[in-house]
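Data first, discussion second: the structure below is written as structure tokens.
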Protein chains: 2
Amino acid sequence: MKKILIIEDEESILLALEDNLALEGYEVSSATDGEQGFSMAKEHGYDLIILDIMLPKMSGFDICRELRQAGMTTPILMLTAKSQEVDKVLGLELGADDYVTKPFSPRELLARVKALLRRAKQPKKDIDRYRFGDIEVDFIKYEIRKKGKSIYLTALEFALLHFLIKHKEQVVSRDSILDEVWGDEVYVLPRTVDKHIAELRKKIEDKPSSPKYIIGVRGVGYKFKG
Amino acid sequence: MKKILIIEDEESILLALEDNLALEGYEVSSATDGEQGFSMAKEHGYDLIILDIMLPKMSGFDICRELRQAGMTTPILMLTAKSQEVDKVLGLELGADDYVTKPFSPRELLARVKALLRRAKQPKKDIDRYRFGDIEVDFIKYEIRKKGKSIYLTALEFALLHFLIKHKEQVVSRDSILDEVWGDEVYVLPRTVDKHIAELRKKIEDKPSSPKYIIGVRGVGYKFKG
DNA sequence: AGAATCTTCACAGAATCGTTACAGAAGCTT
DNA sequence: AAGCTTCTGTAACGATTCTGTGAAGATTCT
């Protein structure tokens, strides 16, 4: 079931949205100010974010831009008050995927939500190069260097790192790691993941015992920050 | 995935461009002054360069002219401030492929980017001659010589070497090698590739047991460096 | 047929992986 | 805050997998 986050401070609109989307079978969460919304958007893996522009504490613009800069590709649907014609373009320039002007009909909104979700499903593009801290990775050349110095990773370690980066800022469980990195049919103990995480840390962290990039989240799994 | 380099010093524009292009699935790099941009443009193999005219340290004009003089054929899209009408022509005379005047809409820019990439795509010509280390290959004449001395390769070995060079610096799997060099419908064990890699190494490497050009990447495949 | 070329087999060494085991950290209970 | 339980980091080590490479059988070419 698709998860949708709504960031909107006007209660009447928020309620209407929640009802409509819930009726369509989406799992709806909501935030009523910018900061709360921003942190929710960062933490959890929503499939779509509906974002008002005028918000207390942090504007929809800023949320949008920051999320995009953090590499998040979740589709964002902007809500704009009618007068703010200018904002439309700006919103899209910032990385939003679509917008709806208030007041809007539920039908229109649902149509756009569906369209965005459909569009987003497909191209799930893989990262082929990535840079974080003093490290650069090239997943095509299978090269990785730290402070310019090349270091060696095994194929499994590359795959693991790739997975972590693909899900950066998200906490991923050992099981989901096993599923995607090892494959569905292999049976391997979840603890094995820990072992390879440790190897990775040895190689890329400055201080493997207090890691900066690959963070363990007790009881849940791991999270890549970078 | 297409790689695009943006050379632009105005942060707001740069951010908007980066976001938009990234969303479209391009791999975006950027430089914020002329010199940095120029050296990046020279170094890496971008598919498209977006170039502002007014830049610190080195103008877009100069960058464009120098790149063209160096024989680079990468499409260049110029960004010009509206007043600079004259610049348009000049820009194109200098070897730019298209221009957009500020302010521009994201849609327009994306359309032009796509158009340029499509136009440039054309006949991705195969390599017909190549030189690396002390070796020269001519894939048309089927000749190869090392330190000037001609050596003999079988047709399969030529095809394999050609494939490797075509994908130089990238790690290619045995399966992808089989697909392209042997063809889709042939059934041959992946290990067979190893055998022919070994033969190639015997013929072109100085020290086949610790190869310099054809590098094995354990668990993944092979990579040609040269 | 004879020669050249290709494919598979087989084996040995090397690299990598999975599991176990244990100690210390984190969380919970009382 | 002490005591108990659960979870995590990591070293060690045997098991497994991967690669390079001769040898030999199969196929194609002339």
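Sequence lines set the chain letters: A, B, ... in the order given, protein chains first and strands last, and positions in each chain run from 1.
In this structure, A:Leu156 reaches the sugar-phosphate backbone alone: every heavy-atom distance under 4.0 Å involves primed, P, OP1 or OP2 atoms, never a base. The residue B:Thr154 sits close only to the backbone: its heavy atoms come under 4.0 Å of sugar-phosphate atoms, none of a base.
Between the side chains of A:Lys207 and A:Ser210, at least one donor N or O lies within less than 3.5 Å of an accepting N or O. Residues B:Lys168 and B:Tyr130 bring a donor and an acceptor atom of their side chains to less than 3.5 Å of each other. Between the side chains of B:Ser30 and B:Glu18, a donor-acceptor pair is found at a separation under 3.5 Å. When only modelled atom types and interatomic distance are considered, A:Ser150 and A:Glu143 share no side-chain donor-acceptor pair under 3.5 Å.
Map B:Pro190 and A:Trp182 each onto its nearest nucleotide of DNA chain C; the residue landing nearer the 5' end is B:Pro190. Of the two residues contacting DNA chain D, namely A:Gly216 and B:Arg174, the nearest-nucleotide position lying further toward the 5' end is that of A:Gly216. In terms of position along DNA chain C, the nucleotide closest to B:Leu153 lies nearer the 5' end than the nucleotide closest to the other residue of the pair B:Thr192 and B:Leu153.
No side-chain heavy atom of B:Ile4 sits under 4.5 Å from any side-chain heavy atom of B:Ile49. A 4.5 Å side-chain heavy-atom check between A:Tyr222 and A:Val171 finds every atom pair outside the cut-off.
First and last contacting nucleotides of DNA chain C toward chain B (any atom under 4.0 angstrom from a heavy atom, 5' to 3' order): C:dT5 to C:dT16.
Atoms CD1 (A:Ile197) and C1' (D:dG9) sit 11 Å apart, rounded to a whole Å. One atom, CG of B:Leu189, and another, P of D:dT27, lie 14 Å apart when rounded to the nearest Å. Between B:Arg218 atom CZ and D:dT16 atom P the separation is 16 Å, expressed in whole Å.
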Can you give me the N/O atom pairs linking the protein to nucleotides 10-14 of chain D at distances under 3.5 Å, or say none if there are none?
| residue | atom | partner | partner atom | Å |
| --- | --- | --- | --- | --- |
| D:dT10 | O4 | A:Arg191 | NH2 | 3.3 |
| D:dA11 | OP2 | A:Lys202 | NZ | 3.2 |

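Ion pairing between A:Arg145 and A:Asp138 fails under the 4.0 Å rule for side-chain N and carboxylate O.
Between the side chain of A:Glu136 and the backbone N or O of A:Ile144 there is no donor-acceptor pair closer than 3.5 Å.
Listed by chain and number, the residues in a side-chain contact (heavy atoms from CB on, under 4.5 Å) with A:Lys146 are A:Asp134, A:Ile135, A:Ile151, A:Asp206 (sequence neighbours excluded).
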